[in-house]
Amino acid sequence: MQLERLRNDRKAAIAMLRRCIELGIDHIDTAQFYGHGFVNEVIREAVRPEDDVIVVSKVGAEPDPGGPLPLRLAQRPEQLRAGVEDNLASLALEQIPLVNLRRTDTGPGLRAEGDQVVALDDQLAVMTALRDEGKIGAIGLSSVSLDVLRSALPAGIACVQNAYSLLARDDEAMLRLCLEEGIAWVPYFPLGSAFDGMPKVTDEPTVITAARELSATPAQVGLAWLLHHAPNVLLIPGTTDPEHLEANVEAGAVTLDKATLSALDAVQTRSGDIALD
């Protein structure tokens with residue numbers, strides 16, 4: 001999503017993606033509605049078949065250039081299918097390895113109203129049909145509750161992408177269910193968010209202290225905690241800064257001893273459920 005900020009510098013956006021690949025990153029998260037197609041376009045230009053990179057996309061919203069927000073919900077089955085087709089076209093792929101169904105059950109963001117309130121079974125029916133047709137390889141869920149995940153398990157869910165960080169651990173039970181079911185846990189806002197009411201991990205005193213003791217940055221400690229917390233975590237921290245990118249990758253080498261982990265685990269979760277309306 002952060003690549004939207006480089007809309008006026010396409011070369012820089014492509015260079016960022018190439019640097020990701022050089023650093024060994026093989027999982028890129030995107031959506032057609034990021035930057036009204038701009039992000040997918042630069043991914044198509046930057047990522048080559050021989051790079052062996054998994055591009056994961058998302059449906060459930062669409063661009064709304066003239067609206068109060070840059071996107072609006074697109075939850076109806078026909079809109080989900082259209083979203084997959086748009087992603088296939090903009091990424092120039094015959095199959096998207098994994099597509100997340102972005103719902104509105106939990107987390108920050110828009111809430112469904114009117115004809116955008118759609119039953120999970122109706123949405124999963126079109127997603128499984130798209131998988132059967134070979135247009136998507138696997139189905140993920142985003143911004144879902146524990147009950148919704150449980151209901152969706154028979155459809156075969158490959159990952160869950162919810163807002164989650166050291167300071168936002170409301171979904172602990174869901175993370176554990178994913179671990180039991182062999183489902184990847186992909187936290188967005190892994191370091192908190194700029195939304196009002198959502199604190200930043202890098203401002204947490206315990207994190208700052210741990211970073212100082214480890215000669216690391218607070219961001220690296222926040223990311224390292226996620227990787228230590230559960231083995232099914234896949235990180236997608238966004239950035240447009242090459243130095244931040246390299247620092248994020250280096251977080252994978254940060255070792256947290258038992259005392260540091262205990263101190264971080266003891267930090268109180270204080271996430272907020274924020275709707276943009």
Side-chain angles (χ1 to χ4, degrees), residues 1-5 16 20 25-35 39-40 43 54-61 69-71 73 75 83 87 96-111 138-146 148-149 152 157-175 177-179 183-202 219-220 222-227 229-230 232-241 244-245 248-249 251-252 269-276:
M1 186 188 300
Q2 292 292 325
L3 284 179
E4 291 184 50
R5 294 162 55 192
M16 276 291 296
C20 287
I25 292 171
D26 59 4
H27 170 207
I28 294 176
D29 180 80
T30 187
Q32 170 65 16
F33 52 82
Y34 290 164
V39 174
N40 276 8
I43 289 173
I54 294 176
V55 175
V56 174
S57 196
K58 187 183 294 92
V59 293
L69 294 170
L71 58 82
L73 293 176
Q75 297 279 298
N87 275 280
I96 303 170
L98 188 149
V99 174
N100 284 306
L101 165 58
R102 197 278 194 207
R103 284 178 54 89
T104 66
D105 307 304
T106 188
L110 297 166
R111 290 291 181 265
I139 299 168
L141 296 174
S142 178
S143 297
V144 293
S145 65
L146 181 58
V148 167
L149 173 59
I157 302 301
C159 80
V160 170
Q161 189 182 87
N162 272 20
Y164 181 88
S165 72
L166 174 66
L167 300 183
R169 303 193 305 275
D170 295 340
D171 285 338
E172 198 69 21
M174 198 182 323
L175 187 161
L177 177 60
C178 287
L179 184 58
I183 296 170
W185 182 253
V186 187
Y188 68 83
F189 297 154
L191 295 174
S193 171
F195 285 139
D196 290 340
M198 292 189 71
K200 294 182 179 181
V201 172
T202 52
Q220 287 175 326
L223 296 175
W225 178 85
L226 288 165
L227 293 172
H229 190 57
N232 58 331
V233 168
L234 297 176
L235 294 183
I236 52 169
T239 184
T240 57
D241 185 316
H244 288 170
L245 170 64
N248 288 343
V249 171
T269 180
R270 50 186 185 275
S271 56
D273 188 16
I274 298 164
L276 301 179

What's the shortest heavy-atom distance between [X] and [Y], and which atoms?
| X | Y | result |
| --- | --- | --- |
| Ser165 | Pro190 | CB-O, 3.2 Å |
| Ala230 | Leu175 | CB-CD2, 3.5 Å |
| Ala31 | Ser57 | CA-OG, 3.4 Å |
| Leu227 | Gly252 | CD1-CA, 3.9 Å |
| Asp105 | Ser145 | CB-N, 3.7 Å |

With sequence neighbours excluded, tell me which residues meet side-chain contact (heavy atoms from CB on, under 4.5 Å) with [X].
| X | answer |
| --- | --- |
| Ala251 | Gln220, Leu223 |
| Cys159 | Leu98, Asn100, Ala184, Val186 |
| Asp241 | Thr239, Glu243, His244 |
| Ile28 | Leu17, Ile43, Val47, Val53 |

- Message: For Gln161 and Lys58: C-alpha separation, side-chain torsions, deciding distance, then whether side chain to side chain contact (heavy atoms under 4.5 Å, CB included) applies.
- Response: CA-CA 10 Å; Gln161 189 182 87; Lys58 187 183 294 92; 2.9 Å; yes
- Backbone of Arg102 reached by a side-chain donor or acceptor of Gln75 within 3.5 Å: yes
- Query: Got a donor-acceptor contact below 3.5 angstrom from the Thr202 side chain to the Ala219 backbone?
  - Reply: no
- Message: Does Ile54 have more than 12 heavy atoms from other residues, nucleotides or ligands lying within 6.0 Å of its CD1?
- Response: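 Open: at most 12 neighbouring heavy atoms sit under 6.0 Å from CD1 of Ile54.
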May I ask you to test the [X]-[Y] pair for a side-chain heavy-atom distance under 4.5 Å?
| X | Y | value |
| --- | --- | --- |
| Ile183 | Asn232 | no |
| Val56 | Pro97 | no |
| Cys178 | Leu149 | yes |
| Leu245 | Cys20 | yes |
| Leu110 | Leu71 | yes |

- Message: Going by side chain to side chain donor-acceptor pair (under 3.5 Å), name the residues that satisfy it together with Thr30, two or more places apart in sequence or in a different chain.
- Response: Asn40
- Report the residues that fulfil side chain to side chain donor-acceptor pair (under 3.5 Å) with Ser143, sequence neighbours left out, ordered by chain and then residue number.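 Applying side chain to side chain donor-acceptor pair (under 3.5 Å) to Ser143 gives Tyr188.
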- Query: Checking side chain to side chain contact (heavy atoms under 4.5 Å, CB included) for the pair Val99/Asn87: CA distance, chi angles, key distance, verdict?
  - Reply: CA-CA 10 Å; Val99 174; Asn87 275 280; over 6 Å; no
- Note on the structure: Residue set satisfying ring-ring contact (aromatic ring centres under 6.0 Å, His included) with Tyr164, at least two apart, ordered chain then number -> Trp185
- With sequence neighbours excluded, residues passing salt bridge (charged side-chain N to carboxylate O under 4.0 Å, His left out) with Glu172: Arg176
- Message: Restricting to salt bridge (charged side-chain N to carboxylate O under 4.0 Å, His left out), what partner residues turn up for Asp171, sequence neighbours left out?
- Response: none
Straight-line distance of [X] [atom1] to [Y] [atom2], nearest 0.5 Å:
| X | Y | atom1 | atom2 | answer |
| --- | --- | --- | --- | --- |
| Leu141 | Arg103 | CG | CZ | 8.0 Å |
| Arg111 | Leu73 | CZ | CG | 9.5 Å |
| Leu101 | Ile139 | CG | CD1 | 8.5 Å |
| Arg270 | Leu166 | CZ | CG | 8.5 Å |

- Task: Under the side chain to side chain contact (heavy atoms under 4.5 Å, CB included) rule, what do Val144 and Met174 come out as? Steps first, then yes or no, please.
- Result: CA-CA 9 Å; Val144 293; Met174 198 182 323; 4.2 Å; yes
